[in-house]
Enquirer: 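Take a look at the following structure, please.
If you read the sequence from its start, that first residue is 1, and numbering goes on from there.
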Amino acid sequence: IPCPYPLASGTGSVTCSVCKAGFYLKASADPADVFKSPTDYCKPCPSDAACPVGTTLETLVLPRGFWRASFSSAELTECRAFGGDGQAGQARCVGNVDPGEASGRRVQEA
């Protein structure tokens, strides 16, 4: 039996308890509740983020040049350019390009 939209099963799992690619799990919940109302828990991935299978709000993958205020926010903000000698107009903000990284927001020197 296929998983109801937009759910998927995790690797090696026989239950549909994670969101499929392109969606993120909005809040921690009992897998039975998620299965009963998947669209209440699985939300579309923000347009500038990446959401592989099993992504949660906390693990949204931010691309280089974007940040968010906290791990509980799905609102991504594009970094502004910083000025400086020879660096005018160059953005120094990077997203968490590795889904396993702890930080979902960073500003880093170029």
Side-chain angles (χ1 to χ4, degrees):
I1 297 174
C3 294
Y5 182 82
L7 293 177
S9 58
T11 304
S13 177
V14 294
T15 61
C16 301
S17 59
V18 296
C19 300
K20 70 182 224 157
F23 291 82
Y24 68 91
L25 185 64
K26 185 176 178 181
S28 295
D30 183 271
D33 292 336
V34 174
F35 188 82
K36 287 178 195 171
S37 303
T39 56
D40 289 345
Y41 294 96
C42 291
K43 299 300 179 185
C45 193
S47 61
D48 293 311
C51 296
V53 171
T55 298
T56 64
L57 180 57
E58 292 82 15
T59 63
L60 285 174
V61 181
L62 279 59
R64 184 173 301 278
F66 287 84
W67 65 278
R68 61 184 175 156
S70 74
F71 292 123
S72 62
S73 173
E75 185 177 332
L76 276 57
T77 303
E78 191 168 6
C79 298
R80 292 178 293 161
F82 294 88
D85 293 343
Q87 300 291 327
Q90 184 176 25
R92 297 181 183 152
C93 177
V94 295
N96 61 323
V97 293
D98 176 1
E101 258 184 54
S103 177
R105 59 186 174 130
R106 293 189 301 170
V107 175
Q108 175 175 316
E109 280 296 318

Enquirer: Do Leu60 and Pro46 make a side-chain contact, defined as non-hydrogen atoms from C-beta onward lying under 4.5 Å apart?
Expert: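 Counting from C-beta outward, Leu60 and Pro46 do come under 4.5 Å.
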
Enquirer: Which heavy-atom pair separates Pro52 from Val61 by the least distance, and what is that distance?
Expert: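 Where Pro52 meets Val61 most closely, the heavy atoms are CD-CG2, 4.3 Å.
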
Enquirer: Given Cys3 and Cys16, is the disulfide bond (SG atoms under 2.5 Å apart) satisfied, shown in steps?
Expert: CA-CA 6 Å; Cys3 294; Cys16 301; 2.1 Å; yes

Enquirer: Can you name the one residue among Pro4, Ser37, Pro6 that meets side-chain contact (heavy atoms from CB on, under 4.5 Å) with Cys42?
Expert: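 Exactly one option meets the side-chain contact (heavy atoms from CB on, under 4.5 Å) with Cys42, and it is Pro6.
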
Enquirer: Quick one: does Ser73's side chain have a donor or acceptor within less than 3.5 Å of a partner on Ser70's backbone?
Expert: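 Not a single qualifying donor-acceptor pair exists.
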
Enquirer: Atom CD of Glu58 and atom CG of Leu25: how far apart are they, to the nearest 0.5 Å?
Expert: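 Reported to 0.5 Å precision, the distance equals 8.0 Å.
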
Enquirer: Return the minimal non-hydrogen interatomic distance between Ala8 and Val53, and the atom names on each side.
Expert: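 Nearest heavy atoms, Ala8 then Val53: CB-CG1, 4.2 Å.
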
Enquirer: Return the minimal non-hydrogen interatomic distance between Trp67 and Cys79, and the atom names on each side.
Expert: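 Shortest heavy-atom contact: CD1-SG, 3.8 Å.
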
Enquirer: To the nearest 0.5 Å, how far apart are CG in Asp30 and OG in Ser17?
Expert: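 Answer for the CG-OG pair, Asp30 versus Ser17, is 10.0 Å.
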
Enquirer: Minimum heavy-atom separation for Leu57 to Ser72, with atom names?
Expert: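 Looking at all heavy atoms of both residues, the shortest contact is CD2-O, 3.3 Å.
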
Enquirer: What's the separation between atom CZ in Arg68 and atom CG in Leu62, rounded to the nearest 0.5 Å?
Expert: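 Spacing of CZ (Arg68) from CG (Leu62) equals 5.5 Å.
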
Enquirer: How close do Leu76 and Phe66 get, counting heavy atoms only, and between which atoms?
Expert: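 Shortest heavy-atom separation between Leu76 and Phe66 comes out as CB-CD2, 4.2 Å.
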
Enquirer: How far does NZ of Lys26 sit from SG of Cys19, to the nearest 0.5 angstrom?
Expert: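 One gets 12.0 Å once the value is rounded to the nearest 0.5 Å.
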
Enquirer: Quick one: closest heavy-atom pair of Phe35 and Leu7, and the distance?
Expert: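 What the structure gives for the nearest pair is CA-CD1, 3.8 Å.
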
Enquirer: Sequence neighbours left out, what pairs pass ring-ring contact (aromatic ring centres under 6.0 Å, His included) with at least one residue falling in residues 2-34?
Expert: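 For residues 2-34: Tyr5-Phe23.
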
